[in-house]
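What follows is one structure encoded as structure tokens, with my remarks underneath.
Treat the numbers as computed from the prediction; the structure is a model and nothing was measured.
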Amino acid sequence: MHLDISQNPTLPITKPEVAVKNLVYAYPNQQPTLKGISFDLKAGERVALMGATGSGKSTLLENLIGLKQPLSGKVQICGVDVEPKNLPKIRRHIGFTFQDANDQLFMPTILEDITFGPRNYGVSHADAKDKARKLLADFGLEMYANRSAHELSGGQKRLVALATTLALDPDILILDEPTNGLDPAWRRKLAQILLKLPVKVILIASHDLHWLGRVTQRALAIADGRIEIDQDIQPLLQNGEKLEAVGLPIDW
């Protein structure tokens, strides 16, 4: 819910953790995929990013973390412009998981995958290892600590990729299709974990609409390169006509 503070100056004004203003992005020799995207994410928000396949969800997420650079517009993370010179500072605050977990898992064992990030930021080997083992226990994967990611199922890889992200204790967590490959029990477990995380903002891109309804409060829906919907998620999930209009039939 967006509060109108203009009539009540006593309400606190909080700065957004993520601010996107008039973002335009195009792949080489193509028409823009993102056409003037604007939104803010504030501390305490858990937000669903929804849209049909090819609508630009992953492209938008990759602009947020600086993997792609927009043609125009601006992205700010914690008040800092997302541009090449600021990326090391910005990425210390953001945890990001890709659609394909293989993009994040490259060490000989998954224990080493999870400790890799913290060690890069100066965490001692012992402390990084303790953190990794706790995360593996939380995800029910402690018995796989010394195995290669290649030995895991697709769903297990996704959980390990998330663990590598959480090991850095990010302020902002951005997840791209986190439930892909997870069975119902693990989707429930993942929801329980996410709801307890002490992060400021969670942004989740997913087609798993009912699951999003359990873990997020607000929905952003992209269609035709623009944010067409920005509202509380529960009433949106009850509005089949509105979802159908952005390519998301609720019953399919």
Side-chain angles (χ1 to χ4, degrees), residues 1-3 16-18 20 23 25 31-42 44-64 95-101 139 153-159 161-162 165 172-197 199-252:
M1 180 174 68
H2 301 286
L3 297 176
E17 300 295 323
V18 179
V20 182
L23 182 70
Y25 179 84
Q31 292 298 311
T33 300
L34 307 177
K35 306 172 183 176
I37 298 283
S38 296
F39 62 87
D40 290 342
L41 305 180
K42 294 183 179 179
E45 288 195 293
R46 300 191 306 273
V47 182
L49 180 61
M50 303 159 65
T53 300
S55 61
K57 299 187 300 298
S58 295
T59 299
L60 174 56
L61 297 186
E62 290 175 2
N63 272 265
L64 297 186
F96 181 78
T97 65
F98 293 87
Q99 278 195 40
D100 186 349
F139 283 111
S153 70
Q156 289 170 329
K157 287 181 183 180
R158 296 200 65 80
L159 295 174
L162 178 58
T165 299
I172 298 165
L173 185 61
I174 299 177
L175 310 178
D176 197 357
E177 298 290 352
T179 62
N180 278 2
L182 297 184
D183 63 29
W186 270 111
R187 291 204 304 274
R188 180 177 61 190
K189 178 67 172 177
L190 178 59
Q192 292 168 343
I193 290 169
L194 292 177
L195 290 171
K196 294 178 182 178
L197 291 178
V199 297
K200 292 181 179 178
V201 172
I202 299 178
L203 177 63
I204 305 173
S206 178
H207 293 115
D208 195 342
L209 302 187
H210 293 292
W211 184 83
L212 285 174
R214 294 178 180 273
V215 297
T216 63
Q217 310 143 319
R218 174 184 169 198
L220 301 172
I222 300 180
D224 193 30
R226 297 179 174 86
I227 298 292
E228 297 290 349
I229 297 172
D230 182 353
Q231 69 166 86
D232 290 349
I233 194 167
Q234 289 304 325
L236 177 60
L237 293 178
Q238 303 304 314
N239 192 330
E241 184 176 344
K242 202 169 188 179
L243 288 167
E244 185 82 43
V246 292
L248 296 170
I250 188 66
D251 294 327
W252 296 91

field: Partner of Lys57 under side-chain hydrogen bond (donor to acceptor under 3.5 Å, both in side chains), chosen from Glu62, His207, Gln99
entry: His207

Set of side-chain hydrogen bond (donor to acceptor under 3.5 Å, both in side chains) partners for Lys200, sequence neighbours left out: none

task: Can you sort out the partners of Tyr25 under ring-ring contact (aromatic ring centres under 6.0 Å, His included), two or more places apart, ordered by chain and number?
output: Tyr27

- prompt: How about Asp40 and Val20: do any of their side-chain heavy atoms sit closer than 4.5 Å?
  reply: no

- request: Kindly indicate whether the side chain of Arg218, heavy atoms from C-beta on, has any atom under 4.5 Å from the side chain of Thr216.
  value: no

statement: Test side-chain contact (heavy atoms from CB on, under 4.5 Å), reference Leu175, set Leu190, Leu162, Leu203, output is Leu162

message: Which heavy atom of Ala191 sits nearest to which heavy atom of Val215, and what is that distance?
response: CB-CG1, 3.3 Å

statement: Sorted by chain and residue number, the ring-ring contact (aromatic ring centres under 6.0 Å, His included) partners of Phe139 (sequence neighbours excluded) come out as none

- prompt: Roughly how far apart are Trp186 CH2 and Gln192 CD, rounded to 0.5 Å?
  reply: 10.0 Å

field: Pairwise distance CG(Leu209) to CD1(Ile250) - rounded to 0.5 angstrom
entry: 4.5 Å

query: Which pair of non-hydrogen atoms, one from Ser55 and one from Ile222, has the smallest distance, and what is that distance?
result: O-CG2, 3.3 Å

Interatomic spacing from CD in Glu177 to CG in Leu49 - rounded to 0.5 Å: 9.5 Å

statement: Between Leu212 and Met50 the two heavy atoms that sit nearest each other are CD1-CG, 3.9 Å

Determine all donor-acceptor pairs shorter than 3.5 Å in which one atom belongs to a side chain in residues 234-241; sequence neighbours excluded.
unit_1: Gln234; atom_1: NE2; unit_2: Gly213; atom_2: O; d: 2.7
unit_1: Asn239; atom_1: OD1; unit_2: Glu241; atom_2: N; d: 3.4
unit_1: Asn239; atom_1: OD1; unit_2: Lys242; atom_2: N; d: 2.9

message: Going by side-chain hydrogen bond (donor to acceptor under 3.5 Å, both in side chains), name the residues that satisfy it together with Glu228, two or more places apart in sequence or in a different chain.
response: none

- request: Check Ile233 against Ala48 and note the closest heavy-atom contact, atom names and distance.
  value: CD1-CB, 3.9 Å

query: Say you draw a straight line from CD1 of Ile204 to CD1 of Ile174; how long is it, rounded to the nearest 0.5 Å?
result: 11.0 Å

task: Flag yes if more than 12 heavy atoms outside Arg214 fall under 6.0 Å of its CZ atom; otherwise flag no.
output: no

Reported NZ-to-CG distance for the pair Lys35 and Leu23, which is rounded to 0.5 angstrom: 13.5 Å

message: Let me confirm one number: the CG-OG1 distance from Asp208 to Thr179, rounded to the nearest 0.5 Å.
response: 4.0 Å

field: Heavy-atom closest pair, residues Leu182 and Pro178
entry: CD1-O, 3.6 Å

query: What heavy-atom pair brings Phe39 and Leu60 nearest, and what distance separates the two atoms?
result: CE2-CD2, 3.9 Å

- request: Only counting residues at least two apart or in another chain, list the ones meeting side-chain hydrogen bond (donor to acceptor under 3.5 Å, both in side chains) with Asn180.
  value: none

field: Close side-chain approach of Lys42 and Val201, heavy atoms under 4.5 Å
entry: no

query: Between Ile202 and Arg46, is any pair of side-chain heavy atoms under 4.5 Å apart?
result: yes

